[in-house]
Q: 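Take a look at the following structure, please.
Here is how names work: the chains are called A, B, and so on, in the same order as the sequence lines, proteins then strands, and each is numbered from 1.
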Amino acid sequence: MQLRLYDTLAREKRPFTPLDPENVRMYVCGPTVYDFAHIGNARPVIVFDVLFRLLRHLYGADHVTYVRNITDVDDKINDRAARDFPGLPLNQAIRKVTEVTEKQFHEDVDALGCLRPTVEPRATEYIVEMRTLIEKLVAGGFAYVAEDHVLFSPQAMNAANSVLPRYGALANRSLDEMIAGARVDVAPYKRDATDFVLWKPAKPGEPSWPSPSGIKTEGRPGWHIECSAMAWKHLGEQFDIHGGGIDLVFPHHENELAQSCCAFHSGRMANIWMHNGFLQVEGDKMSKSLGNFVTIRELLKDWPGEVLRLNMLKTHYRSPIDWTVKGMEESAKTLDDWYALAADANGGEPSQAVIEALCDDLNTAQMITSLHGLRNAASEGELNRTEFAASLHLLGFLSETVAEWKQRKQQASGIDAKRVDSLIADRTAARARKDFKESDRIRDELAAMGIVLKDGKDADGNPTTTWEIAR
RNA sequence: GGCCACGUGGCGGAGUGGUGACGCAGCGCUCUGCAAAAGCGCGCACCCCGGUUCAAUUCCGGGCGUGGCCUCCA
């Protein structure tokens, strides 16, 4: 089946052909570790996890390399470290912040049902590679040293007139536009307003490393060079897919692409550039000032991770998504149903319809439609049921048993299951003696506790009653 | 100001040049002591204005609205 993916650079869906089917390579920009990840951060993590799973399905689990970096050098980290650990030397404080945040991040995304990437490189471990790249760029005439900074020159790149892509091609803007729109306060050491920092001097107390290109004082890397370095180290000079949030297109990915292509004199960095859309909360843009800043951690207190996962996948990854409680309730209800029907099914192969939907540029909404169809077929036979379950497993759902799933909901609601069972037994007895007034009273009592009863009959025709927490 | 994306039924959300999305909610029926759950069935849509066309929600142009980016925010 032909996988087609939307390429931001080409601005169209393109057939995906790996450079090497034995080793399909994908790089996704990961978190800067200074605070709990918010639900917006979860979007690329979930979206590219689905792509990772699809690629593993298509090319084999051992033939896909997924790199997602961890950025552990950043001003925000330094600020947080100074604030949270004022008594410690900055370097130690920074390590504490990044270690704690990285752990939180892993716990959160594990709960979302995401596989760990093949490699999760940390920026600070690739300083040597960054220096190498910077020196290549200086040697090639694409970058220059000024006042202990190293700056990249997009003008030089576009003047090179070679196989190199045009600077601005990814973000679809021209250098002229960027010059016109440049801020007034351009740093004095820049030759052109559009030049950006590859390396800069460290301020006292900041983490610092030996500088490249003959600069005597120690320094620290600019924002974009880390990803060029880590992608190069783990995926080579060219690879298949580069992903991240749409806000990263400019300047981050444009600059990454420029650095890598100029360093290797290459026309491409990644063959396909993919970007997920933004997320809003209850119709508003998420911001700390509006007070609607939602962390993954907070949501996980109220909802199983798979509910967040399904909720995220209801919308196509390139479309804006409005994150609402109503949507979560709907997703939770759907998963309750799927769990009840398929959680205990084993074996089987994922549905072709689901794979086909994913192969159309990760059309997860269409995929969910297919799942609903499979769900309806599942009650008609065991073969259908295992296909349904296998499809859900492939997508990162059904990681718990039905019992675990139900129990989690009961625990969250603080309901005493023994007391419920005893009340149900009383009600069953009342019904048996046709004391419907009493049985209805007990049902009302349970309803007041937020419990919904489901009456049925067992194989022998005897009445049975199961129960659920109402949302 | 420049560039880009999006605008589908009560809600969420695909898709398509010409009768079906799908899910939730709603309504009806079956089941039930009555309900709930479950099963079956039903209805309701394509921001506005032009244009192209036998035919436009779908293509083109304009407008309006929402959101994003424009140097360290997924």
Q: Categorize A/Ile368 for me: base, sugar-phosphate, or nothing, with a 4.0 angstrom heavy-atom threshold over every strand shown.
A: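 Counting heavy atoms under 4.0 Å across all strands, no contact is made by A/Ile368.
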
Q: Provide the distance between the two P atoms, one in B/G68 and one in B/C40, to the nearest whole Å.
A: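 Between the two P atoms, the distance is 43 Å.
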
Q: Can you tell me, in whole Å, how much space there is between the P of B/C69 and that of B/A74?
A: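 Here B/C69 and B/A74 have their P atoms 11 Å from each other.
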
Q: Which one, B/G33, B/C72, B/C69, comes nearest to the side chain of A/Asp247?
A: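 Given the options B/G33, B/C72, B/C69, the side chain of A/Asp247 is closest to B/C69.
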
Q: Just to be sure I understand the rule, does A/Gly40 reach a base, reach only the sugar-phosphate, or reach nothing, if contact means heavy atoms closer than 4.0 Å?
A: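 Base contact - A/Gly40 has a heavy atom under 4.0 Å of at least one base atom.
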
Q: At less than 3.5 Å, do the side-chain atoms of A/Thr369 and the base atoms of B/A21 form a donor-acceptor pair?
A: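 Yes, a donor-acceptor pair under 3.5 Å.
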
Q: Using a 4.0 Å heavy-atom cut-off to protein, can you give one letter per nucleotide of nucleotides 36-43 of chain B, 5' to 3': B if the base is in contact, S if only the sugar-phosphate is, - if neither?
A: BS-S----

Q: Look through every strand shown and name the nucleotide pairing with B/G9 as Watson-Crick or G-U wobble, where both distances are under 3.5 Å.
A: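 Check on B/G9: unpaired, no WC or wobble geometry under 3.5 Å.
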
Q: For the aromatic rings, using the six-membered ring if either is Trp, is the centroid distance between A/His38 and A/Trp323 under 6.0 Å?
A: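 Not close enough - the centres of the two rings lie 6.0 Å or further apart.
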
Q: Please tell me which of A/Gly373 and A/Ser439 maps to the more 5' nucleotide of RNA chain B, matching each residue to the nucleotide holding its nearest heavy atom.
A: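 This one resolves to A/Gly373.
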
Q: Hey, does A/Gln280 reach any base, or is it just sugar-phosphate, or nothing, if we go heavy atoms under 4.0 Å?
A: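 Sugar-phosphate contact only - A/Gln280 comes under 4.0 Å of backbone atoms but never of a base.
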
Q: How are the rings of A/Tyr66 and A/Phe52 set to each other: parallel, tilted or perpendicular (split at 30° and 60°)?
A: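 Answer is tilted, since the angle falls between 30° and 60°.
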
Q: Counting the atoms with a prime plus P, OP1 and OP2 as sugar-phosphate, which does A/Arg43 contact under 4.0 Å by heavy atoms, base, sugar-phosphate, or nothing?
A: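 It contacts nothing in the nucleic acid.
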
Q: Considering only the P atoms, how many Å lie between B/C44 and B/U52, rounded to the nearest integer?
A: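 Each nucleotide's P atom is 31 Å from the other's.
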
Q: Whole angstrom is fine here: how far is it from CG in A/Asp195 over to C1' in B/C72?
A: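 To the nearest whole Å, that distance equals 16 Å.
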
Q: Looking at B/A38, which nucleotide sits across from it as a Watson-Crick or G-U wobble partner, both distances under 3.5 angstrom, or is there none?
A: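 WC or wobble partner is B/U30.
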
Q: Any donor-acceptor pair under 3.5 Å between the side chain of A/Asp440 and the base of B/G33?
A: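 Indeed, a donor on one side and an acceptor on the other fall under 3.5 Å apart.
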
Q: Who does B/A45 pair with, Watson-Crick or G-U, both distances under 3.5 Å?
A: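 For B/A45, the partner nucleotide comes out as none, under the 3.5 Å rule.
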
Q: Classify the angle between the aromatic ring planes of A/Tyr189 and A/His149 as parallel (below 30°), tilted (30 to 60°) or perpendicular (above 60°).
A: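 Correct class here is parallel.
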
Q: Would you indicate which nucleotide in B/G33, B/G2, B/A74 comes nearest to any side-chain atom of A/Arg173?
A: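 Nearest listed nucleotide: B/G2.
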
Q: Say we look at B/C60 and B/G20: how far apart would their P atoms be, to the nearest angstrom?
A: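 Comparing P positions in B/C60 and B/G20 gives a spacing of 23 Å.
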
Q: If you check the A/Ala365 side chain, which of B/C70, B/G23, B/G13 turns out closest?
A: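 Between B/C70, B/G23, B/G13, the one nearest the side chain of A/Ala365 would be B/G13.
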
Q: Quick one: do the A/Ser351 and A/Ser391 side chains pair a donor with an acceptor below 3.5 Å?
A: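 Per modelled atom types, A/Ser351 and A/Ser391 side chains form no pair under 3.5 Å.
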
Q: Does B/C4 have OP1 or OP2 under 4.0 Å away from a side-chain N or O of A/Asn172?
A: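 Yes, A/Asn172 has a side-chain N/O under 4.0 Å of OP1/OP2 on B/C4.
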
Q: For B/C31 versus B/G17, give the span between their P atoms, rounded off to a whole number of Å.
A: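 Taking atom P in both B/C31 and B/G17, they lie 45 Å apart.
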
Q: Kindly point out which of B/U71, B/A74, B/A14 is positioned nearest to the side chain of A/Pro251?
A: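 Among B/U71, B/A74, B/A14, the one nearest the side chain of A/Pro251 is B/U71.
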
Q: Between B/C70, B/G23, B/A74, which nucleotide has the shortest distance from any of its atoms to the side chain of A/Phe250?
A: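 The closest nucleotide is B/C70.
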
Q: For the residue pair A/His252 and A/Trp223, is the inter-centroid distance of their aromatic rings smaller than 6.0 Å?
A: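 Yes: the rings meet the under 6.0 Å criterion.
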
Q: Does the plane of the ring in A/Trp273 sit parallel, tilted or perpendicular to the ring in A/His242? Use 30° and 60° as the thresholds.
A: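 It falls in the parallel class, under 30°.
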
Q: Provide the distance between the two C1' atoms, one in B/A25 and one in B/C11, to the nearest whole Å.
A: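 Going atom to atom, C1' in each nucleotide, I get 7 Å.
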
Q: So what does A/Thr466 hit on the nucleic acid, given a heavy-atom distance under 4.0 Å: a base, only sugar-phosphate, or nothing?
A: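 Here A/Thr466 touches no strand at all.
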
Q: Is it true that A/Arg297 and A/Glu107 make a salt bridge, defined as a side-chain N closer than 4.0 Å to a carboxylate O?
A: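 A salt bridge is present here (some side-chain N lies under 4.0 Å from a carboxylate O).
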
Q: Are the aromatic ring centres of A/Tyr6 and A/His316 under 6.0 angstrom apart?
A: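 Ring centres of A/His316 and A/Tyr6 not closer than 6.0 Å.
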
Q: Contact class for A/Arg11 (heavy atom, under 4.0 Å): base, sugar-phosphate, or nothing?
A: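 No contact.
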
Q: What nucleic acid atoms does A/Lys200 come within less than 4.0 Å of, heavy atoms only: base, sugar-phosphate, or nothing?
A: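 Answer is base: heavy atoms of A/Lys200 come under 4.0 Å of a base.
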
Q: Going by purine N1 to pyrimidine N3 plus the second Watson-Crick contact, or the G-U wobble pair, all under 3.5 Å, which nucleotide sits opposite B/C72?
A: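 Its partner is none (no Watson-Crick or G-U wobble pair with both distances under 3.5 Å).
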
Q: Take atom P in B/A35 and the same atom in B/C42, then report the distance between them in whole Å.
A: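 Pairwise P distance, B/A35 against B/C42, rounds to 24 Å.
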
Q: Less than 3.5 Å apart, any donor N or O on the side chain of A/Ser331 or A/Lys314 sitting next to an acceptor on the other?
A: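 Short answer, yes.
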
Q: Side-chain contact test, heavy atoms from C-beta onward, threshold under 4.5 Å: evaluate it for A/Asp110 versus A/Arg116 and give yes or no.
A: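 Side chain of A/Asp110 against side chain of A/Arg116, heavy atoms only: contact under 4.5 Å found.
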
Q: Nearest-nucleotide wise, let me know which of A/His316 and A/Trp223 is further upstream toward the 5' end of RNA chain B.
A: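 That would be A/His316.
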
Q: Should B/G67 form a Watson-Crick or G-U wobble pair with both distances under 3.5 Å, which nucleotide is its partner?
A: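 Partner of B/G67: B/C4.
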
Q: Figure out the CE/C1' separation between A/Met328 and B/C24, and round it to whole Å.
A: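 Distance, rounded to whole Å: 15 Å.
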
Q: From the set B/C11, B/C69, B/C72, return the single nucleotide nearest to any side-chain atom of A/Asp74.
A: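 For A/Asp74, the side-chain atoms sit closest to B/C72.
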
Q: For B/G15, does either OP1 or OP2 sit under 4.0 Å from a side-chain N or O belonging to A/Asn363?
A: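 So the side-chain polar atoms of A/Asn363 do come within 4.0 Å of the phosphate oxygens OP1 or OP2 of B/G15, strictly under.
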
Q: Roughly how far apart, to the nearest Å, are B/C6 and B/G63 at atom C1'?
A: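 To the nearest whole Å, 16 Å.
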
Q: Is any side-chain nitrogen or oxygen of A/Ser319 closer than 4.0 Å to OP1 or OP2 of B/A14?
A: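 Indeed, a polar side-chain atom of A/Ser319 lies that close.
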
Q: Using the six-membered base ring of B/A74, report whether A/Phe278 stacks on it, requiring centroids under 5.5 Å and planes under 30° apart.
A: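 Whether judged by distance or by angle, A/Phe278 passes, so it stacks on the base of B/A74.
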
Q: Counting any heavy atom closer than 4.0 Å, what does A/His275 reach on the DNA or RNA strands: base, sugar-phosphate only, or nothing?
A: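 Answer is nothing: A/His275 stays at 4.0 Å or more from every strand.
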
Q: Would one find a side-chain N or O of A/Lys333 under 4.0 angstrom from OP1 or OP2 of B/A25?
A: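 A/Lys333 to B/A25 OP1/OP2: side-chain N or O found under 4.0 Å.
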
Q: Is A/Thr315 near enough to B/G13 that one of its side-chain N or O atoms lies under 4.0 angstrom from OP1 or OP2?
A: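 Yes, because at least one side-chain N or O of A/Thr315 sits under 4.0 Å from OP1 or OP2 of B/G13.
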
Q: Kindly say whether, by distance alone, the side chain of A/Arg443 makes a donor-acceptor pair under 3.5 Å with the base of B/A35?
A: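 Pair found.
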
Q: How about A/Leu383: does its CG atom have over 12 heavy atoms from other parts shown lying under 6.0 Å from it?
A: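 For A/Leu383, atom CG is not crowded (no more than 12 foreign heavy atoms under 6.0 Å).
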
Q: Determine which nucleotide pairs with B/C54, using a 3.5 Å limit on both distances of a Watson-Crick or G-U wobble pair.
A: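 Partner of B/C54: B/G18.
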
